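All figures in this text were calculated on a predicted structure; none of them were measured in a lab. Every chain is numbered from 1, with letters handed out A, B, ... down the list of sequences.
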Amino acid sequence: MDILAELNPEQRKATEAISGPILILAGPGSGKTRVITHRIAYLIKVCGVSPYRIMAVTFTNKAAREMQSRLRQLLGAGVKDLTLGTFHAICARILRRDGKEIGLDSGFVIYDDEDHLNVLKRSIVEVGLDPKEYAPRAIASAISAAKSHLVSSRDYQRHSASYFEEVVGRVYEQYQQALTKSNALDFDDLLSRTVELLRQGSKILTKYQERYLHIQVDEFQDTNLVQYELIKMLGGKYRNICAVGDPDQSIYSWRFADIRNILSFEQDYPDAEVVLLEQNYRSTKMILETASNLISTNQQRKPMGLWTGNSTGDLTRVIETYTEQEEAQYVVSEIERLVEGDRFKLGDFAVMYRTNAQSRVIEEAFIRYGVSYKLVAGTRFYERREVKDIVAYFKLVQNPQDAVSLLRVINVPGRGIGERTLSELSSWARSLGLSMYEALKHLNGLENDKLVEGKPSFNQRTIRALAGFFTLIDKFRKQCQELTLVDLFDLVIEKTGYREYLLNGTDGAERWDNILELRTVAQGYRDLPPAEGLSAFLEGVTLVSDVDELGENVDAVVLITLHQSKGLEFPAVFIVGMEDGLLPHSRSFGDPAQMEEERRLCYVGITRAKELVYLVRAFRRNFMGSSAVSIPSRFLKDIPSYLLSGGGLWEEKESSTAQGLYSWERNTLEPSLNVAEFKAGDHVHHVQFGDGVVVSAKLVKDDIEVVVAFNGAIKKLLSSYAKLKKME
DNA sequence: CGAAAGGCTCTTTTT
DNA sequence: GAGCCTTTCG
């Protein structure tokens with residue numbers, strides 16, 4: 001197969017420019033994934049580069065898997081030695097292999113968000129502060145920001161400029177020590193410690209620099225400083241770095257992603273070639289026009305000349321319902337209606353929302369109507385209590401220093417080990433400089449030395465309970481070398497009595513099903529030797545995201561947050577909750593930069609659609625118990641009304657509210673080609689009034705009402721009578 | 001020690 | 001409205 005044959009000239013240029021740095025600015029649907037895969041295929045097949053010397057960074061694991069399978073199609077075989085994955089996954093691999101150079105035990109565990117918040121809360125208490133007074137989330141965010149900018153706890157403390165920062169500094173220090181003691185890393189550490197590793201031992205840096213002849217980074221607009229630094233270091237020798245991104249789709253600044261990385265790239269690599277991919281292959285003209293109008297309201301951006309050769313398509317539907325229940329109901333019934341029409345199947349639809357909380361009402365409507373759906377986030381599988389419990393046992397087997405996991409399961413199922421016992425045990429352990437697990441070992445009298453002094457005087461029953469737990473874990477640890485992962489899994493379930501424990505509790509059967517599902521995941525590692533299987537399993541379990549789990553084979557409507565929708569596409573998209581306060585979210589009201597990010601988020605949602613876009617909002621919405629009247633999203637005003645059907649509702653609220661409640665029942669305008677004839681800013685000529693500029697245009701009944709500013713007068717004209725002539 | 005009930009605060013987005 | 005924490009009682 002000729003790798004270049006199926007590419008357009010720009011895509012081809014981006015594919016062939018393999019020598020030196022290159023920045024690819026790729027609009028939505030412009031085939032950027034295609035370019036990345038074709039570049040890799042081109043490097044391997046045409047240029048003879050060994051896959052071992054290529055790194056490709058993706059935003060999600062799913063994107064990585066897709067790339068792998070596309071490469072298989074292009075090359076006719078899998079590409080095994082390619083370094084392919086998210087930043088976090090790639091860094092975890094590097095640290096497992098070479099982390100010992102910076103004193104990291106290769107058995108380290110990765111703490112997910114919940115674990116991380118647990119440690120943090122405890123750290124706040126340990127430095128003598130009240131977690132109620134200092135919001136753990138705020139402190140967590142500050143620490144994450146520091147780590148994302150490669151600021152150590154010591155540096156942070158040195159430069160703290162306010163009382164809050166001083167507090168954060170102290171907690172940061174304590175938190176980091178706690179992680180070290182547990183031989184654990186949080187998500188940010190995976191990145192920052194890799195940078196540390198590369199900076200520390202020059203041997204290591206050279207090793208990786210020598211290896212990676214080519215580096216590609218997808219979703220470059222959503223990288224943060226550490227990630228940028230990583231790429232800069234890894235690509236330091238050969239400088240064959242390919243960054244692909246779209247500033248208009250940057251939606252992760254709250255995770256400290258920084259669009260400025262794109263600017264820095266051009267500065268750090270002045271010789272970088274810049275390629276623009278502006279042809280959209282995904283959406284109809286109408287959709288692209290809608291999206292372009294929306295995004296062009298943003299001040300902080302470089303204009304892009306997106307275009308498409310696709311058909312004109314349908315107008316974007318703006319729908320107003322009375323309540324959120326009706327909103328959900330409308331979405332479901334409209335989907336059913338469209339599916340009956342044969343043009344679509346359920347899997348063609350996505351319902352997108354700003355906050356996860358919105359998904360519940362939608363989900364309920366799908367259940368009530370018996371329409372199958374797939375909820376992408378919700379209570380995530382790996383965040384379920386029972387799943388986390390079992391995973392914690394495994395983490396403990398791999399790394400008994402892990403205090404979070406130990407505390408999680410030491411009394412689950414109940415063994416009569418309570419709060420008091422644990423706090424005594426923990427302070428005893430600390431006074432000896434031991435981990436909890438080691439303390440248990442000493443308590444057990446398994447080690448005969450003098451450390452037993454100061455041993456807390458527990459009663460017989462408690463001692464037996466503690467000893468029982470220690471022996472349990474110790475047994476697992478001894479067996480984990482010989483048993484396959486699944487056998488170990490069964491052993492853990494059996495010896496802990498977890499099954500009985502679950503089945504006796506609420507939702508027992510359902511929870512047990514989740515455990516069986518986890519067991520199936522464990523089975524996926526049966527080909528690896530026991531020890532490797534365990535650590536691969538744990539890594540997989542911690543670093544998966546929800547989008548990763550999105551199966552393609554099921555014919556069901558996808559319910560997804562706008563953030564998660566990035567990189568996906570659907571024939572028809574519903575964006576619900578088009579209201580001020582929700583989209584844009586109220587947290588962004590005070591900050592123009594954040595407001596622009598909200599607009600980008602909306603842009604991302606709209607540009608996922610190939611054929612149909614619905615923007616839906618409820619007139620009244622429940623909010624933390626009480627219900628309030630909502631205001632239509634200001635983003636609706638960024639889209640000229642000639643692109644919308646059900647148009648103008650939000651402008652003429654007074655008169656149209658009553659109709660608006662059931663607006664979907666009345667307005668079924670057929671799209672017409674001349675609808676897009678006039679748009680704001682167009683120069684027009686009128687026989688009587690002379691030259692003017694179009695202010696707005698919208699559909700009224702069978703005509704287009706155009707508002708034109710002539711010299712000194714603003715006129716409302718109907719297109720069919722006014723005979724306006726458009727001037728180029 | 002553990003279960004159950006009551007009271008509190010929040011909710012953006014996630015690798 | 002729900003999850004999390006604290007209090008209370010057995």
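- When distances are taken from the side chain of Thr421(A) to each of dC1(B), dT15(B), dT13(B), the shortest belongs to dC1(B).
- The aromatic rings of Phe265(A) and Tyr228(A) sit perpendicular to each other, their planes meeting at more than 60°, with 30° as the lower class boundary.
- Following rounding to the nearest Å, Arg464(A) (CZ) and dC1(B) (C1') show an atom-to-atom distance of 16 Å.
- Considering every non-hydrogen atom in both Thr607(A) and Val604(A), the closest pair reads OG1-O, 3.0 Å.
- Distance His88(A) NE2 to dT15(B) C1': 4 Å, rounded to the nearest Å.
- The aromatic ring of Tyr252(A) does not stack onto the base of dT14(B), failing the criterion of a centre distance under 5.5 Å from the six-membered base ring together with planes under 30° apart.
- Side-chain atoms of Thr355(A) lie closest to dT13(B) of the nucleotides dT14(B), dT13(B), dT15(B).
- Residue Asp113(A) is in base contact, counting any heavy-atom pair closer than 4.0 Å across all strands shown.
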Original post:
How would nucleotides 2-11 of chain B be written as a contact map, 5' to 3', with B for base contact, S for sugar-phosphate-only contact and - for no contact, using protein heavy atoms under 4.0 Å?
Top reply: S-------BB
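- Residues of residues 219-232 of chain A having a heavy atom closer than 4.0 Å to DNA chain B: none are found.
- Residue pairs meeting the salt bridge (Lys or Arg N to Asp or Glu O under 4.0 Å) criterion with at least one member in residues 576-586 of chain A, sequence neighbours excluded, are Glu579(A)-Arg621(A), Asp580(A)-Arg634(A).
- With rounding to whole Å, Ile410(A) atom CD1 is found 14 Å from dC1(B) atom C1'.
- Aromatic ring pairs are classed by plane angle as parallel below 30°, tilted from 30° to 60° and perpendicular above 60°; the pair Tyr373(A) and Phe366(A) is tilted.
- When rounded to the nearest whole Å, the span between CZ of Phe187(A) and P of dT14(B) equals 13 Å.
- With pairs defined as Watson-Crick or G-U wobble and both atom distances under 3.5 Å, the stems of at least three pairs that touch DNA chain B come out as B:1-10 with C:1-10.
- When the C1' atom of dT13(B) is taken as reference, atom OH of Tyr353(A) falls 12 Å away, rounded to whole Å.
- Nearer the 5' end of DNA chain B, as judged by each residue's closest nucleotide, is the contact made by Glu598(A), out of Glu598(A) and Thr86(A).
- Residues Tyr172(A) and Ala146(A) approach most closely at CE2-CB, 3.8 Å, considering heavy atoms.
- Contacts classified as salt bridge (Lys or Arg N to Asp or Glu O under 4.0 Å) and involving residues 82-96 of chain A (residues at least two apart or in different chains) are given here: Arg96(A)-Glu539(A).
- The nearest pair of heavy atoms linking Ser182(A) to Val404(A) is OG-N, 4.5 Å.
- One can place CG of Leu117(A) at 17 Å from P of dT15(B), the figure rounded to the nearest angstrom.
- Between Gln594(A) and Thr462(A), the residue anchored closer to the 5' end of DNA chain B is Thr462(A), taking for each the nucleotide with the nearest heavy atom.
- OP1 or OP2 of dT13(B) has at least one side-chain nitrogen or oxygen of Asn356(A) nearer than 4.0 Å.
- Atom CZ of Arg97(A) has more than 12 neighbouring heavy atoms from other residues, nucleotides or ligands inside a 6.0 Å radius.
- Spacing between atom CG of Leu601(A) and atom C1' of dT13(B) amounts to 7 Å, rounded to whole angstrom units.
- Applying the ring pair (Phe, Tyr, Trp, His ring centres under 6.0 Å) definition to pairs two or more places apart or across chains, none involves residues 581-604 of chain A.
- Aromatic ring orientation, Tyr498(A) versus Tyr501(A): tilted (interplanar angle from 30° to 60°).
- Within the 4.0 Å cut-off from OP1 or OP2 of dC5(C), at least one side-chain nitrogen or oxygen of Lys121(A) is found.
- Aromatic ring pairs are classed by plane angle as parallel below 30°, tilted from 30° to 60° and perpendicular above 60°; the pair Phe469(A) and Tyr393(A) is tilted.
- Among Lys566(A), Arg599(A), Arg600(A), Arg301(A), the single residue meeting the salt bridge (charged side-chain N to carboxylate O under 4.0 Å, His left out) criterion with Asp248(A) is Arg301(A).
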**OP:** Using the side chain to side chain contact (heavy atoms under 4.5 Å, CB included) rule, take Leu129(A) and Val167(A) through it: C-alpha gap first, then chi angles, then the decisive distance, then the call.
**Re:** CA-CA 9 Å; Leu129(A) 295 167; Val167(A) 165; 3.5 Å; yes
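- Applying the 4.0 Å criterion to OP1 and OP2 of dT13(B), one finds that Gln564(A) has every side-chain N and O outside that range.
- With rounding to whole Å, Asp218(A) atom CG is found 15 Å from dT15(B) atom C1'.
- If you check every strand for non-hydrogen atoms under 4.0 Å, Arg385(A) touches nothing.
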